[in-house]
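Take a look at the structure set out below.
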Amino acid sequence: MSVDEIFEAVVSSRIFRARDRLLPDYIPDELPHRDVQIRRVAETLAPALRGERPSNLFIYGLTGTGKTAVVKHVIRRLTSKASSLGVTVTGIYVNVRHRDTPYRVLADIAESIGVRVPFTGLSTGEVFFRIVRALSRRSGVYIIVLDEVDFLVRRYGDDVLYKLSRINEDLGRARVSIVGITNSVSFMESLDPRVRSSLGEEEIVFPPYNAGQLRDILEARARESFHPGVLDDEVIPLCAALAAREHGDARRALDLLRVSGEIAERRGDSRVTRSHVMAARMEIERDRVSEVVKTLPLHGKLVLASIAALTMGGRTYTTTGDVYNYYRELTRRIGIEHVTQRRVSGLIGELEMLGIVSARVISRGRYGKTRIIELAADPGIIVGSLWEDPALEPVMGDVERDALGKGGGGV
DNA sequence: CGTCCACAGGAATGACGGGCGG
DNA sequence: CCGCCCGTCATTCCTGTGGACG
């Protein structure tokens with residue numbers, strides 16, 4: 001296919017009418033099955049229209065339950081209503097997982113209100129001071145949305161939240177309220193009581209979608225994004241069912257639908273079928289894992305290789321100590337320094353956070369306390385991704401062989 | 001019912017790179 | 001341009017602990 005033909009195929013897609021409406025950052029005008037949540041968020045934030053400070057708000061719900069979409073949707077309506085009323089309401093959105101240090105979060109907030117700050121070099125206190133200084137010269141209501149805020153607190157404590165929750169004391173006419181979004185239901189309990197009572201003035205829980213609701217969401221979105229009649233009847237129910245299995249994650253469901261369409265298009269097929277969905281599922285998983293593995297530090301990769309080698313055969317799990325021994329052997333054969341067991345423990349924790357292994361702490365009594373570690377992604381994909389790092393090449397053959405060697409099932 | 005294993009996990013450290021004020 | 005301070009990353013040090021064994 002020539003370059004021109006590729007471009008032409010994209011422009012005159014037989015499959016998609018508006019592919020971008022399936023992307024994660026697209027906020028549709030209608031959010032099916034979230035009427036209750038939309039109303040409650042709107043009620044909470046509405047006082048901003050009178051220039052009053054809305055209550056701080058905390059939102060809980062698993063990934064893909066529409067938290068971000070609902071908040072963005074309401075804030076978009078709110079700011080446009082406000083400007084038609086001549087009131088200043090500003091929404092500031094920060095995803096804390098992507099900007100995962102206190103400094104970067106504050107820098108983002110500063111940027112959003114037009115305060116230029118350098119990437120680094122300032123103390124967080126200084127950035128905070130500049131935000132306060134800028135806001136105290138203004139009036140209006142500022143709604144700061146901290147998405148996935150649990151990531152920040154887990155690593156850096158609730159210092160930033162505490163300061164932000166008290167920012168109004170230092171301001172003149174401007175008013176700030178905070179909307180925190182989190183995936184973790186137990187998050188609020190980990191906060192300092194002062195912060196908790198201040199930030200949790202209002203709380204809303206987003207329940208997961210069930211398969212039927214996911215189907216409604218997908219159907220509404222498919223009408224916008226696909227040409228009529230290109231989806232086989234079973235495609236949407238299948239995507240919905242697969243995502244429902246993953247605790248009702250609408251983002252997963254939409255990704256699945258989009259990638260299915262992309263695969264159909266790439267293959268030159270005129271309809272999207274079940275087989276495209278199955279291929280999409282595989283492709284999404286492969287991309288996710290290989291992206292994570294690629295960004296892992298070298299020792300993280302070696303630890304992951306060790307876990308893979310120790311679990312791929314008959315055994316389904318391994319423990320920290322076994323992983324460490326195997327890992328040391330790998331570093332010896334490559335001829336590099338090894339890190340301490342503490343660090344390996346930390347790396348295992350990071351792999352768990354990335355969703356590539358699962359680990360839980362158990363006590364084996366007389367035989368000590370350890371973590372039970374299992375792979376949480378397809379082993380074949382993990383090993384395949386590890387092969388891509390040239391530094392691991394000298395040992396990857398052995399890693400694969402060791403794993404297969406245990407296939408018989410005896411210790 | 002105390003011991004003690006095999007780690008977990010908090011706190012501290014050091015290297016590094018970048019901005020700031022003079 | 002220099003010395004200083006800060007955040008970040010990768011790492012080390014060290015204290016804490018659930019529960020089977022004896």
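Labels below follow one simple rule: chain letters A, B, ... track the order of the sequence lines, proteins then strands, and each chain is numbered from 1.
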Q.
Should the side chain of A:Arg104 and the base of C:dG7 be counted as holding a donor-acceptor pair, with the cut-off at 3.5 Å?
A. no

Q: Measure from CG on A:Leu347 to P on B:dG9 and round the result to the nearest Å.
A: 14 Å

Q: Quickly work out the A:Leu296 CG to C:dA10 C1' distance and round it to whole Å.
A: 14 Å

Q. Considering only C:dA20, C:dG19, C:dG7, which nucleotide approaches the side chain of A:Tyr367 most closely?
A. C:dA20

Q: Just compare C:dT11, C:dT8, B:dA8 and give me whichever is closest to any side-chain atom of A:Lys369.
A: B:dA8

**Q.** Plane angle bin for A:Phe58 and A:Tyr60 - parallel if under 30°, tilted between 30 and 60°, otherwise perpendicular
**A.** tilted

Q. So does A:Arg364 reach the base of C:dG18 with its side chain, donor to acceptor, closer than 3.5 Å?
A. no

Q) Nearest nucleotide by nearest heavy atom, which residue falls closer to the 5' end of DNA chain B, A:Ile373 or A:Gly365? A) A:Gly365

Q | Side-chain donor-acceptor contact under 3.5 Å, A:Asp20 with A:Tyr26 | A | no

Q) In whole Å, what is the span from the CZ atom of A:Arg366 to the P atom of B:dA6? A) 8 Å

Q.
In this structure, how many angstroms lie between the P atom of B:dG9 and the CD atom of A:Gln341, rounded?
A. 13 Å

**Q.** Nucleotide C:dA10, atom C1' - distance to CD1 of A:Ile348 in whole Å
**A.** 16 Å

Q.
Looking at A:Arg76 and A:Asp29, is any side-chain nitrogen of the basic one under 4.0 Å from a carboxylate oxygen of the acidic one?
A. yes

Q. Between C:dT12 and A:Thr340, is there an OP1 or OP2 to side-chain N/O distance shorter than 4.0 Å?
A. yes

Q: Could you say whether A:Gly321 or A:Arg342 is positioned toward the 5' end of DNA chain B, judged by the nucleotide with the nearest heavy atom to each?
A: A:Gly321

Q) Distance only, no hydrogens: is a donor on one side chain within 3.5 Å (strictly under) of an acceptor on the other, for A:Arg371 and A:Ser345? A) yes

Q. Any Lys/Arg nitrogen of A:Glu329 or A:Arg333 sitting under 4.0 Å from an Asp/Glu carboxylate oxygen of the other?
A. yes

Q | Nucleotide C:dA10, atom P - distance to CD of A:Glu337 in whole Å | A | 17 Å

Q) Would you say A:Ser345 reaches B:dA8's phosphate, i.e. side-chain N/O to OP1/OP2 under 4.0 Å? A) yes

Q: Look at A:Arg343 and C:dT11 and indicate whether a side-chain polar atom (N or O) is within less than 4.0 Å of OP1 or OP2.
A: yes

Q: Round to a whole Å and report the spacing from CZ of A:Arg360 to P of B:dA6.
A: 19 Å

Q | A:His338 NE2 - C:dA10 C1' separation (whole Å) | A | 16 Å

Q: Describe the nucleic acid contact of A:Thr320 in one word from base, sugar-phosphate, nothing, applying a heavy-atom distance below 4.0 Å.
A: sugar-phosphate

